[in-house]
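Just below is one structure, and these are the notes that go with it.
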Protein chains: 4
Amino acid sequence: MNAELIDRARGFAERELLGRERWFDSKPPAPTAASAALHAAGLANWWLPAEYGTAGASLTDSVDIVSELSYADAGFAFSSFLSVLGTTMLRLYGAPALAEQYLGRMAAGGGFCGILVSEEDAGSELGRTAALFTAKGDRLVLDGDKYFATNTDAADFLLVAARSAEDDAVFGVVLVPRDTPGVEIVKRWDMIGMRGSATYQVRLSGCEVPAANLLRGHGLRLLEAGLNASRILIASTAIGVCRRIRDLAMEYAAAKQVKGAPLLGNAVFAGKLGQVEMLIDVMRNQCRSAAAEFDRAMASADPAAALYRAGTLRSALAAKMYCGQAGWEVATIGSELFGGLGYTHDHLIGKLVRDLRYVGLVEGGDDVIRDLLYTRYVIPTAKRR
Amino acid sequence: MNAELIDRARGFAERELLGRERWFDSKPPAPTAASAALHAAGLANWWLPAEYGTAGASLTDSVDIVSELSYADAGFAFSSFLSVLGTTMLRLYGAPALAEQYLGRMAAGGGFCGILVSEEDAGSELGRTAALFTAKGDRLVLDGDKYFATNTDAADFLLVAARSAEDDAVFGVVLVPRDTPGVEIVKRWDMIGMRGSATYQVRLSGCEVPAANLLRGHGLRLLEAGLNASRILIASTAIGVCRRIRDLAMEYAAAKQVKGAPLLGNAVFAGKLGQVEMLIDVMRNQCRSAAAEFDRAMASADPAAALYRAGTLRSALAAKMYCGQAGWEVATIGSELFGGLGYTHDHLIGKLVRDLRYVGLVEGGDDVIRDLLYTRYVIPTAKRR
Amino acid sequence: MNAELIDRARGFAERELLGRERWFDSKPPAPTAASAALHAAGLANWWLPAEYGTAGASLTDSVDIVSELSYADAGFAFSSFLSVLGTTMLRLYGAPALAEQYLGRMAAGGGFCGILVSEEDAGSELGRTAALFTAKGDRLVLDGDKYFATNTDAADFLLVAARSAEDDAVFGVVLVPRDTPGVEIVKRWDMIGMRGSATYQVRLSGCEVPAANLLRGHGLRLLEAGLNASRILIASTAIGVCRRIRDLAMEYAAAKQVKGAPLLGNAVFAGKLGQVEMLIDVMRNQCRSAAAEFDRAMASADPAAALYRAGTLRSALAAKMYCGQAGWEVATIGSELFGGLGYTHDHLIGKLVRDLRYVGLVEGGDDVIRDLLYTRYVIPTAKRR
Amino acid sequence: MNAELIDRARGFAERELLGRERWFDSKPPAPTAASAALHAAGLANWWLPAEYGTAGASLTDSVDIVSELSYADAGFAFSSFLSVLGTTMLRLYGAPALAEQYLGRMAAGGGFCGILVSEEDAGSELGRTAALFTAKGDRLVLDGDKYFATNTDAADFLLVAARSAEDDAVFGVVLVPRDTPGVEIVKRWDMIGMRGSATYQVRLSGCEVPAANLLRGHGLRLLEAGLNASRILIASTAIGVCRRIRDLAMEYAAAKQVKGAPLLGNAVFAGKLGQVEMLIDVMRNQCRSAAAEFDRAMASADPAAALYRAGTLRSALAAKMYCGQAGWEVATIGSELFGGLGYTHDHLIGKLVRDLRYVGLVEGGDDVIRDLLYTRYVIPTAKRR
């Protein structure tokens, strides 16, 4: 474990993020100055290989980095790590020159990679994607509407999931520079939580890119490879937010009297915090275990092949689903701890509950995840363990 | 059951409230024009005896009236029924002339009765109330800070829980006309949900009222008598909000395709809605049963004595706690049903989840209610049933 | 409410059942002497109309009678009330002479009516019933294997669900006297709980009965009419068992010290018991409300038509599902309350947990009930309330 | 990971345990022939250092060994691993000669170490232990009654928690050879589940042992050091039992038809199994992570000091509590999956549910664990993470 790096992330969060929760919750223009500060601290895109000049952290370390950032603001954490979904795909399945060019630029500038996958009608079902790419000489032309896309506006480049106009069975992922003519931000969504990040509805109209911008392999498999990383880090945001709730509760209990005694010594309160502590420990170990599995695949002889074959990792699915559920249990406990004040915007708990809710919703709701676990890991006898 | 009255409430909600959810959620100035419309429809303060010229509904009927109003906006419903807590105390324990004067005026004008009980340090522990009333000839002088008080600004009169300055053991409830010099609205709280209602922090400084404004009996007992009614109706708001979630889900499912088939026919979706329907039915029956118990006490020979003796009713405690928990189960299911859109302010579900949260928090969180149930109804062997 | 009758049931339970839990749990031969004692006490088949010389209780009163019996032994209660499923069908849909003959005999002797519905392959899906009835002059011949059938061996008569051999679409219910040649008890099941009742696997081979023994109407509708009553009383067993767990817990807590203080004063313990008390109150009100709806239908001008039209009542479905879930919550709490001793057969809690489990399983598991609620009461807009 | 060893454990379970569940559930005399077979397979006391001639597995590997054994019979697994609690204490805090003598004998014979801690009045509160040890020259005399003690009868030696008769504040752990005069088995408990293991009530009357048999250090700290290992392996039994439930469910679903289609393709069933798969993955990762933390402490320069200082490990507490809760969630799902047959002793699920229940009860119920987590890891700010 890279303790120095995690300490740096904690220090950054304390210095640049803590105390600014209300501001992040106000849906500030993206990217925020905090993103620039993250870059200045040498932490932007920390998971990219160190040869790009970044911190070069493993996904295992990223779990704790995300926990530290999310302790202060989960939305900021989300916008800071979500590019991992795209950069993983680009590193593994992009032409080397393409990867080097775009990852290098992104690392140098502390920029973002946007992911354009979800569509209004398709929801989480990637197989129903309607966006199209059409071959035109040695160029590809992209057209389509994308529903929820985070970081798009500030991104250096976008990775777009689309179907071949020539062959309905071909589903690919194409790199589109953000400044390509035809990329239009339709609107920024007004989200319930995670308002320190920015998510957009986007339209692509005749966006032309070189044919070499098409990543190798079937789009669904590429996405599954990348989603392993992002789902684990989404799960990790729950760790940070739940730690924050725990600490806020302890602060409150130190000051609060119940039945003439400090709340801190109240057995019912103690029981709730004991349960929360257990959940935090289990969340952390599940995220770290899943991340370690991902890191092992990335350290294998041919990570692109290994992850292409593995597809969506059981441990990553379990991490996201578990942290969504455990996080919601903590949110439910937390939202009852602070009395009437906890039901006002004068208290932070409301924001934390809203932020936590996203873990179970993004990149596959629980029904989708359960279905994937069943189909991939329960039905095939050989995969059971 | 007064079906006509409940139909009238439903009609009112459809006409005056439905479709204005965003406006109610914007924390509009109180009271809203909708309150005037409720009065115009003959529904304001519907639970007051018909001799005051109101609809004269039983608490049992009030369960369904609140459900109909809450279907559209729970905050509006809350502000419309919460006066029941005070009017119940005034009817039962106020001097007849006092009750007639203030209830009559309130019924005629469609006004409100504010309740000033909670304090910053005391939280839900009424026994720790710090506000004081001091005898001064045939007058009483009230001083103290009250933390959460709904409808105060627009109220005709306030019922204030306070301790006697002369005798710390004497705890009473005093009627203070809203326009009494010294009643100061410190601020309106910015609540997380129920934003169609208005809750205030209030200061009383040397407010003088006639000594006859002191209600008969120990303040805690009076409050418990009144809380029976308001807790049952708070519980009932959950019925309305959950019915709304169910109907929104069915609307969504009629349009939504999953795996190439309408969501309406999806077995997992069906199972969730079946569970929701069960919870709604149980909430409704619990609220109606508790309300019927209250109505029986009010119809007894000496309702003031009956409720003073009974104190807090088991069924009313159970109704509030159950509806808080069942409502949160529905909120949790509901907040996962609508995909990504359900995590934006473009969809109503976020507001409904925030509104639902209050049921488990106001007028005693679950820990307080569990403690009351244990102390009053489990410990005494004779009370067990 | 017939308080005298309920008191009589309580007295009977205290006198004849309490303290004999281990014996009931030993799977004693059926019927037990306790059944004869119930008849001697004038309580056997208490729900039959008083003109048959029984106690003539409403279903609403039956909720509390079942709660009192189940407090002592839920298996005994189950065997005592389950005939209500068949007697309801016979009263409403049997030829008057047939009903009078068999209900009269059963009332006089304190006997039982067995229900033969479930089959090994069909499970809870009544529509897949394979047993057949064949017309043979003015006789019907029944053949088929039935899987779970309670009280069969000791019954006066059986009501058998079967399909017409001539017309696959015709599904009927036929009364078969227990002593009809060809009725064979294959085995008595060794159940996990409810061992004070007796459930059998049964084979019918060429059982001949008069054609007039076929009840009027479609078998599924008849069953649904009768299941309303039995499901509500199955739900009611949970009330009794949970009350017993509560009282055992209080007895234990009066004697037990934790951290140098009586468990009775422990806040965590108090919180659990407060939650249990709430659940008991809600279960009781739901069962009574559902029973009252059934009683209203039975008191209508044409109860047979009313229940045929209504089919399965929402409130009865909700009662069974809710009490199964709430009962299991109490079972889970209870199974943790008694320390290591609670994990031995020296303590009663193990039996109570096993008994409680059946509520969610018999006469439709939760998945089946949720599906019924969705199909019958959520999909049809007009049925929503 | 020692895959060969885990495979050996799986092979052993398939060969010697699978299919004998009913026999294990019959409370067979202890130790069973299967224990001898485990020794013959070189697997008895597998966690002892390899220099004793055992398999020499880490605790991390033990998680999977226990999962494999518990897949077949959790009671057998429990009796096979529980000695780890005592051997850990003896290795770390016993005089070297004492440890070598007794661990060597136990390893050679495939024997057991009994732990005598719990008492009838003290429950899980070790601080209230009443058993005494009295110095008598260079001998110690032990007296006291112990309530729940597994493997005692068949054990080579016992580790007894007792208080000094001379100084009430001194609380120690003393090694007592099983054949010491005065060790009396009062009775074998009739447990609800885990009946393949044997747990006894034991009396010590004037048992004399050498003074050197007193382990070094405060008894509570020694126990906490050892409980880390046993709690993690108790948690691990839940993994095996839940895997078994999953596989039984899949077998059942392959044969069962619902609504004319195989249950295997039913979306509600798939959702339940997906949830179960998630829970299994999280349980496994938590147990492995906790075991790895324990293994790191054991591999440190001075493991006795390290574990004495650390006391009860957060991860071990979290593992036991989490697996108890998650296991019960799986038990609840599983107990509803198999229809009516699942409520009979003809089906295995009843036993599995009874077995699972113990995880949340032994070696500290959830209330005790929550209190430990709160006191040790939440209250001290420096320990929070």
Side-chain angles (χ1 to χ4, degrees), chain A residues 27 118 120-125 127-128 147-148 187-195 199 201 255-260 263 266 268-269 272 324-325 328-329 331-332 335-347 349-351 353-354 357-358 360-363 365-368 370-371, chain B residues 27 118 120-125 127-128 147-148 187-195 199 201 255-260 263 266 268-269 272 324-325 328-329 331-332 335-347 349-351 353-354 357-358 360-363 365-368 370-371:
Chain A
K27 195 183 153 196
S118 89
E120 182 166 7
D121 289 335
S124 289
E125 293 181 73
R128 293 175 56 209
Y147 211 43
F148 291 108
K187 72 164 176 181
R188 178 174 171 182
W189 290 97
D190 191 18
M191 309 300 280
I192 284 179
M194 305 298 283
R195 297 166 61 84
T199 299
Q201 192 170 354
K256 176 80 182 171
Q257 298 277 316
V258 168
K259 293 188 175 184
L263 182 57
N266 180 284
V268 172
F269 177 81
K272 290 178 184 179
Q325 294 179 7
W328 196 239
E329 184 178 340
T332 299
S335 67
E336 300 175 339
L337 275 180
F338 303 98
L341 199 65
Y343 196 62
T344 71
H345 286 299
D346 292 43
H347 198 284
I349 185 67
K351 171 186 183 290
V353 170
R354 287 183 282 110
R357 182 67 287 197
Y358 105 113
L361 299 178
V362 287
E363 297 195 354
D366 280 15
D367 292 331
V368 170
R370 279 191 276 254
D371 194 58
Chain B
K27 195 183 154 195
S118 89
E120 181 166 7
D121 288 337
S124 290
E125 293 182 73
R128 293 175 57 209
Y147 213 42
F148 291 107
K187 71 166 176 178
R188 176 172 171 182
W189 290 98
D190 191 17
M191 311 299 280
I192 283 178
M194 306 298 283
R195 297 165 61 84
T199 300
Q201 192 169 354
K256 177 80 180 171
Q257 298 278 315
V258 167
K259 294 190 177 183
L263 181 56
N266 181 283
V268 172
F269 177 81
K272 290 179 183 177
Q325 294 180 7
W328 196 239
E329 184 179 341
T332 299
S335 68
E336 299 174 342
L337 275 180
F338 303 98
L341 197 65
Y343 197 60
T344 71
H345 286 300
D346 292 43
H347 198 284
I349 185 67
K351 171 187 184 290
V353 170
R354 287 184 282 111
R357 181 68 289 196
Y358 104 113
L361 300 177
V362 288
E363 297 196 353
D366 280 15
D367 292 332
V368 170
R370 279 190 277 254
D371 195 57

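No experiment lies behind these values; they were computed from the predicted model shown.
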Applying a strict 4.5 Å limit to non-hydrogen atoms, the region of Phe148(B) in contact with chain A is side chain
Turns out that what part of Lys351(B) lies under 4.5 Å from chain A's heavy atoms comes down to neither
Pairs of heavy atoms under 4.5 Å with chain A: top-ranked of [options]:
options                         : answer
Gly342(B), Ser335(B), Gly350(B) : Ser335(B)
Lys272(B), Arg370(B), Glu120(B) : Lys272(B)
Val258(B), Asp121(B), Val268(B) : Val258(B)
Val362(B), Leu341(B), Ile192(B) : Ile192(B)

What part of [X] gets within 4.5 angstrom of chain B, counting heavy atoms only: side chain, backbone, both, or neither?
X         : answer
Asp367(A) : side chain
Thr332(A) : both
Asn266(A) : neither
Phe269(A) : neither

Ring pair (Phe, Tyr, Trp, His ring centres under 6.0 Å) filter on Tyr343(B), not counting sequence neighbours, yields none
Applying ring pair (Phe, Tyr, Trp, His ring centres under 6.0 Å) to Phe338(A) and not counting sequence neighbours gives Tyr252(A), His347(A)
Item to check | Close side-chain approach of Arg357(B) to Glu336(A), heavy-atom, < 4.5 Å | outcome: yes
The reported gap from CG in Asp346(B) to CD in Gln201(A) (rounded to nearest 0.5 angstrom) is 8.5 Å
